[in-house]
There are 2 protein chains.
Amino acid sequence: MNILDLIALARMGCASKMTEISSSRLADALGSSQQTASRKIRDLEREEYIVREVLPRGQRIKLTSRGIEVLRTVHQELDKILQEHEPCTYIINGEVVSGLGEGSYYMKIKGYVDQFKSKLGFEPFPGTLNIKLKTEDDRRIRQTLQKLGGIRIQGFKQGDRTFGPVKCFRARVDELEAAIVIPDRTHHGFDKLEIISPKKIREALNLKDGDIVSVKVEV
Amino acid sequence: MNILDLIALARMGCASKMTEISSSRLADALGSSQQTASRKIRDLEREEYIVREVLPRGQRIKLTSRGIEVLRTVHQELDKILQEHEPCTYIINGEVVSGLGEGSYYMKIKGYVDQFKSKLGFEPFPGTLNIKLKTEDDRRIRQTLQKLGGIRIQGFKQGDRTFGPVKCFRARVDELEAAIVIPDRTHHGFDKLEIISPKKIREALNLKDGDIVSVKVEV
DNA sequence: ATTACTAATCATCGAGTAA
DNA sequence: TTTACTCGATGATTAGTAA
């Protein structure tokens, strides 16, 4: 069994529910022929990593708990490996700048706020502190965070609007409890950092535009 | 390239530094022949996932940043997949064991007690119920909690002693209101769980060492 | 459009062995 | 002990095609 086959199916949605996956679609994802994908699916079924339902024109697939188990094991392995490899504390310095108010908008959306509350343990002040990263080093750390797992906030739909997934990193701005927020599909470049906190950071730390702040993040 | 080969090398220490790995040792880890392991190492080197140094009797291997990158990518994939798959209620089973009395010590410290009172809504009985996790599943849930946010209790200084930050998860031990307490920098391993409650759990539920209890936690 | 069989081709494996 | 070669055997892949 190749773990990548299972991952491919999982990311197509088979982890959570019966999902229509034709053998040629899996073939595309794996970069193989339709025949190979078909055989791999049969193999995974035989080894009970997936269950499926073959219909007249197509099939529906879902990972079994045994399949999920495999993914979890590998995930945990990688967790350990990467944890040891990464430094556990980063310090990012940046300049306080004014945002466009979108932060304030997003921090009022219930779908986000509820998740922040349960996953970070605090209700964010409805607004974000925007930091501009001036040095290459700081931008590099930001880019590293982008790649790391962090605390995942799931995307959701509200009305006809879709709110994308973001991730967070617990941080401290001069001892003040806070979190860095990074959208999965980031719009602005790698030189901005958005920070949330239970309090209004600007007031709590008496900050104004142009001030340099130090953000400590532990991963 | 098979990701499992790279993972095997990484968990043997090659992620962080040049590490002596003979082809037969890798063969053991992969469950293959020495020849196959040797060829796989050469392949990984050719594709620049690792660098190595072949000595008269042995070799030293280290993952390149390209190699680490691959692990990180897979890790992140799995992160997303498993995140969506995680349930919001966990049930942890474990065996009641005697602690060393530290729980009782910490539960008398005002700096902690006040925070428990305000953040959990109850004053903890001055003592903890210690649970030993017997199965891999239970330990995995514990490890998951470690990563999640929970209710944060801040660290503080008192005199010349520093008390580290901990986090809590509201829980129930057989319907009894309680909370799991997990120190940020945990001293003991992942097979112990400390539980606090407004009442003395042992008496309220008539428990003794060796009894199995079920802890339900919602995140 | 599907899934999946067959048969030919291609890649991988490991015993034996050299250096 | 090592690493790593050759080469026959075994497995995996895919084109062609049936259903």
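Chain identifiers are assigned alphabetically (A, B, ...) following the order of the sequence lines, protein sequences preceding nucleic acid strands; residue numbering begins at 1 within each chain.
- Nucleotide C:dT2 holds its C1' atom 12 Å from the CD1 atom of A:Ile41, rounded to whole Å.
- Distance A:Ile61 CD1 to C:dT2 P: 13 Å, rounded to the nearest Å.
- Taking A:Asp174 as the reference, nothing meets the salt bridge (charged side-chain N to carboxylate O under 4.0 Å, His left out) condition, with sequence neighbours excluded.
- Under the salt bridge (charged side-chain N to carboxylate O under 4.0 Å, His left out) criterion, A:Lys108 pairs with no residue at all, not counting sequence neighbours.
- With sequence neighbours excluded, the residues forming a side-chain hydrogen bond (donor to acceptor under 3.5 Å, both in side chains) with A:Ser24 are A:Ser22, listed by chain and number.
- Look at A:Ser23 and you'll find a side-chain N or O under 4.0 angstrom from OP1 or OP2 of C:dT3.
- Residues that satisfy the ring pair (Phe, Tyr, Trp, His ring centres under 6.0 Å) test with A:Tyr112, not counting sequence neighbours, are A:Phe156, A:Phe163.
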Subject >> nucleotides 5-19 of chain D: protein proximity per nucleotide (B base, S sugar-phosphate only, - neither; heavy atom, under 4.0 Å) >> reply: B------SBBBB---

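- For the pair B:Met1 CE and C:dA11 P, the computed distance is 18 Å after rounding to whole Å.
- Listed by chain and number, the residues in a side-chain hydrogen bond (donor to acceptor under 3.5 Å, both in side chains) with B:Glu45 are B:Arg52 (sequence neighbours excluded).
- Considering only residues two or more places apart in sequence or on other chains, A:Arg60 meets the salt bridge (charged side-chain N to carboxylate O under 4.0 Å, His left out) condition with A:Glu53.
- Rounded to a whole Å, the CD atom of B:Glu20 is 14 Å from the C1' atom of D:dT3.
- Within the structure, the ring-ring contact (aromatic ring centres under 6.0 Å, His included) test picks out no pair touching residues 48-69 of chain A (sequence neighbours left out).
- One atom, CG of A:Asp28, and another, P of C:dA1, lie 13 Å apart when rounded to the nearest Å.
- Counting to the nearest Å, the C1' atom of D:dT3 and the CZ atom of B:Arg60 are 17 Å from each other.
- When the side-chain hydrogen bond (donor to acceptor under 3.5 Å, both in side chains) test is applied to B:Thr162, no partner is found at least two apart in sequence or on another chain.
- One end of the helix from C:dT2-D:dA19 to C:dA19-D:dT2 points its axis 40° away from the other end's axis, with each axis taken from 5 pairs and the angle rounded to 10°.
- Atom CD1 of A:Ile21 and atom P of C:dT3 are 11 Å apart (whole Å).
- A:Ser22 comes within contact range of the sugar-phosphate backbone alone, with a heavy-atom separation under 4.0 Å but no base atom that close.
- Near DNA chain D, meaning a heavy atom under 4.0 Å away, the residues from residues 49-57 of chain B are B:Arg52, B:Val54.
- Using a cut-off of 4.0 Å between Lys/Arg side-chain N and Asp/Glu carboxylate O, A:Asp191 and A:Arg139 are scored as not salt-bridged.
- Rounding to the nearest 0.5 Å places CG of A:Leu176 at 13.0 Å from NZ of A:Lys216.
- For the pair A:Leu26 CG and C:dA4 C1', the computed distance is 14 Å after rounding to whole Å.
- Sorted by first then second residue, the salt bridge (Lys or Arg N to Asp or Glu O under 4.0 Å) pairs that include residues 20-38 of chain A, not counting sequence neighbours, number zero.
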